[in-house]
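Remarks on the structure that follows.
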Amino acid sequence: MTHPTLLIADDQRDIREALRLLFKAERIDATCVDGPRAALEAFDRQRFDAALIDLNYTRDTTSGTEGLELLRALKKADAELPVIVMTAWGSIDLAVEAMRLGAGDFIEKPWDNQRLLTVLRNQLALAASRGETARLKRENEILRAAEDEGFIAESAPMRQLLAQVERVAPTDANVLILGENGTGKGVVARLLHARSARADKPLVKVNMGGIPDSVFEAEMFGHVKGAFTDAKSDRIGRFELADGGTLFLDEIANIPPAQQPKLLRVLEDGELERVGSSRTLKVDVRLISATNANLAVDVARGAFRKDLLFRLNTVELRLPPLRERKQDIGLLAQAFAARFAQRYQREAPRFEPAALRVLDAYSWPGNVRELSHVIERAVLMLDGEVIDEAALNLRPEATHALAGAAALAASESMSVDAAEEKLVREALERTGGNVQRAAALLGLSRPSLYRRMEKYAIE
């Protein structure tokens with residue numbers, strides 16, 4: 001069990017030693033220093049749960065100026081740090097001023113041991129409560145993930161993946177999950193966390209493609225009040241929020257090159273500073289990352305750091321696309337149908353054999369995510385209790401082009417949208433810009449091709 005840590009600043013050696021022995025008996029780890037400068041140096045080196053500081057030092061013994069300056073500096077470095085001031089009985093006015101500047105309480109010299117311990121325990125409890133409130137508030141902002149899709153693994157590729165997950169999950173090894181969009185990389189990340197020793201700690205998910213470069217450090221590492229214009233209060237970063245648990249970095253290939261060294265430093269040292277603070281914080285985080293990109297290609301062209309990739313992929317898991325796990329399609333469809341029937345307060349539908357054959361024959365360029373959307377739409381719009389081929393609304397014209405895009409995406413490690421755009425441009429080039437012939441070549445109607453040309457700004 002970790003003991004509370006306390007910074008003690010007093011210029012009298014016998015007082016420091018008496019306080020150290022008192023707190024040692026109470027299992028509180030005290031670091032004692034003889035003045036403000038040493039206190040700030042210790043504070044920069046180590047994280048403390050509270051501080052107990054005298055108001056008068058060597059500059060003078062009555063004004064309290066040095067103690068108040070130290071108080072200001074500590075509160076500026078960490079506004080949430082509980083600071084207890086110590087003062088002689090004749091300087092109560094100074095104690096009141098210290099309270100105004102942010103001190104949590106004051107103790108008169110000579111002190112009563114029991115009162116001092118009570119005051120310190122109260123301040124530690126209040127700080128813990130404030131920290132938990134801040135943590136819960138931050139969780140409410142960013143941790144509300146979508147409902148799990150479940151984990152169905154009857155096909156041979158998925159059984160092999162599940163065996164790998166079972167071996168890796170109990171360790172603290174960093175894991176890189178590779179797979180096309182919609183294959184369920186987030187589900188695998190949650191499974192790894194749930195079966196690890198960190199399961200009772202937070203799992204924090206970050207979409208790296210959704211964080212603007214300008215706020216990357218503030219989002220990942222946090223910031224202190226006043227660090228920049230909109231920093232109206234201290235904010236906990238994603239790494240700090242995941243301390244003791246798991247951090248899931250989705251779409252890791254999208255991290256801006258300028259931010260990659262900062263991420264690498266935290267992964268190597270487990271240390272970070274909030275934006276606007278010089279105080280180093282230690283974090284204990286297990287990292288899981290995911291991407292649909294080919295990071296080896298990104299490394300070769302200089303878009304991704306090689307040393308960062310080595311940190312990320314201690315273990316590499318490859319999640320197969322849905323078209324390679326045909327045995328799971330019907331099971332997933334039935335699981336989705338039951339879930340969405342419950343959500344929309346319907347009777348759980350059954351599938352006609354023909355509908356299951358259509359599901360099995362479709363190439364699923366959007367993978368499990370697309371299957372989920374298809375079944376949700378079918379359940380929502382269903383008149384009876386049976387999902388037939390018509391209810392699935394899987395149009396052959398879309399199937400042909402998107403299947404080609406999915407295959408191209410898989411072979412060239414690009415997104416489905418990028419692959420589809422490439423197919424459309426190649427078809428138009430081969431037909432000399434003839435939209436009707438290009439549409440026929442792609443298996444699309446002219447309106448469908450026009451929609452894609454507009455989507456990709458193709459003239």
Side-chain angles (χ1 to χ4, degrees), residues 142-210 238 242 245-255 267 285-296 308-309 311-333 335-336 339 364-373 375 406 409-410 413 415-416:
I142 66 175
L143 296 185
R144 297 298 171 249
E147 186 179 6
D148 284 356
E149 291 90 346
F151 195 82
I152 291 174
E154 292 298 321
S155 61
M158 290 302 290
R159 285 186 174 276
Q160 181 179 357
L161 176 69
L162 188 58
Q164 293 173 324
V165 168
E166 294 291 350
R167 287 195 297 272
V168 173
T171 74
D172 272 346
N174 291 340
V175 178
L176 176 63
I177 307 171
L178 302 176
E180 296 177 12
N181 284 331
T183 48
K185 296 186 289 293
V187 178
V188 175
R190 288 192 289 273
L191 190 64
L192 285 165
H193 176 71
R195 300 191 180 183
S196 74
R198 300 171 180 258
D200 60 338
K201 299 295 183 180
L203 168 64
V204 179
K205 177 181 177 180
V206 188
N207 183 345
M208 303 305 289
R238 309 297 179 96
T246 304
L247 184 64
F248 174 41
L249 303 183
D250 201 7
E251 305 298 342
I252 188 65
N254 291 327
I255 179 174
L267 297 182
V285 170
R286 196 253 185 108
L287 191 73
I288 299 174
S289 49
T291 184
N292 67 330
N294 188 329
L295 290 181
L308 178 56
L309 177 58
R311 282 285 172 182
L312 296 175
N313 70 340
T314 304
V315 176
E316 195 172 273
L317 299 179
R318 294 184 178 273
L319 190 53
L322 188 55
R323 61 184 174 276
E324 293 180 9
R325 41 183 297 210
K326 295 281 189 180
Q327 190 176 349
D328 296 330
I329 292 175
L331 298 172
L332 284 165
F336 288 140
R339 177 194 303 166
W364 300 109
N367 293 294
V368 179
R369 184 181 298 128
E370 183 184 7
L371 175 60
S372 172
H373 292 163
I375 302 303
S413 298
S415 70
V416 171

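On a predicted model such as this, the values are computed, not experimentally measured, just so you know. Counting begins at 1 with the first residue of the sequence.
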Rounded to the nearest 0.5 Å, how far does [atom2] of [Y] lie from [atom1] of [X]?
X	Y	atom1	atom2	answer
Thr183	Asn181	OG1	CG	7.5 Å
Ser155	Leu332	OG	CG	9.0 Å
Leu287	Asn313	CG	CG	11.0 Å
Leu247	His193	CG	NE2	11.0 Å
Phe336	Leu331	CZ	CG	11.0 Å
Asn254	Asn207	CG	CG	7.5 Å

What is the minimum heavy-atom distance between [X] and [Y], and which atoms define it?
X	Y	answer
Ala290	Phe248	CB-CE1, 3.6 Å
Val206	Arg238	CG2-NH1, 3.6 Å
Ala194	Ala199	O-CB, 3.4 Å
Ala173	Thr314	CB-CG2, 4.0 Å
Arg325	Pro321	CG-O, 3.3 Å
Glu324	Pro157	O-CG, 3.6 Å

I'd like to know if Arg323 pairs up with Glu180 as an ion pair, taking the criterion as any Lys NZ or Arg NE/NH1/NH2 lying under 4.0 Å from an Asp or Glu carboxylate oxygen. yes

Do [X] and [Y] have side-chain heavy atoms sitting under 4.5 Å apart?
X	Y	answer
Leu191	Leu162	yes
Leu295	Ile252	yes
Trp364	Ile329	yes
Thr246	Ile288	yes
Leu178	Leu317	no
Arg198	Asp172	yes
Asp250	Met208	no
Gln327	Ile152	no

Answer yes or no: is there a donor N or O on one side and an acceptor on the other, between the side chain of [X] and the main chain of [Y], under 3.5 Å?
X	Y	result
Asn367	Leu322	yes
Asn294	Ala296	yes
Lys205	Leu249	no
Arg286	Thr171	yes

Run the side-chain contact (heavy atoms from CB on, under 4.5 Å) check on Arg318 and Leu161 step by step: do they pass? CA-CA 8 Å; Arg318 294 184 178 273; Leu161 176 69; over 6 Å; no

Starting from the C-alpha separation in whole Å, work towards a yes-or-no answer on side-chain contact (heavy atoms from CB on, under 4.5 Å) for Val315 and Gln164. CA-CA 10 Å; Val315 176; Gln164 293 173 324; over 6 Å; no

Go through the structure and list residues passing side chain to side chain donor-acceptor pair (under 3.5 Å) with Glu154, not counting sequence neighbours.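 Once residues adjacent in sequence are excluded, the partners of Glu154 under the side chain to side chain donor-acceptor pair (under 3.5 Å) criterion are Arg159.
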
Using salt bridge (Lys or Arg N to Asp or Glu O under 4.0 Å) as the criterion, list what pairs up with Arg311, not counting sequence neighbours.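 Counting only residues at least two positions away or on another chain, Arg311 forms no salt bridge (Lys or Arg N to Asp or Glu O under 4.0 Å).
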
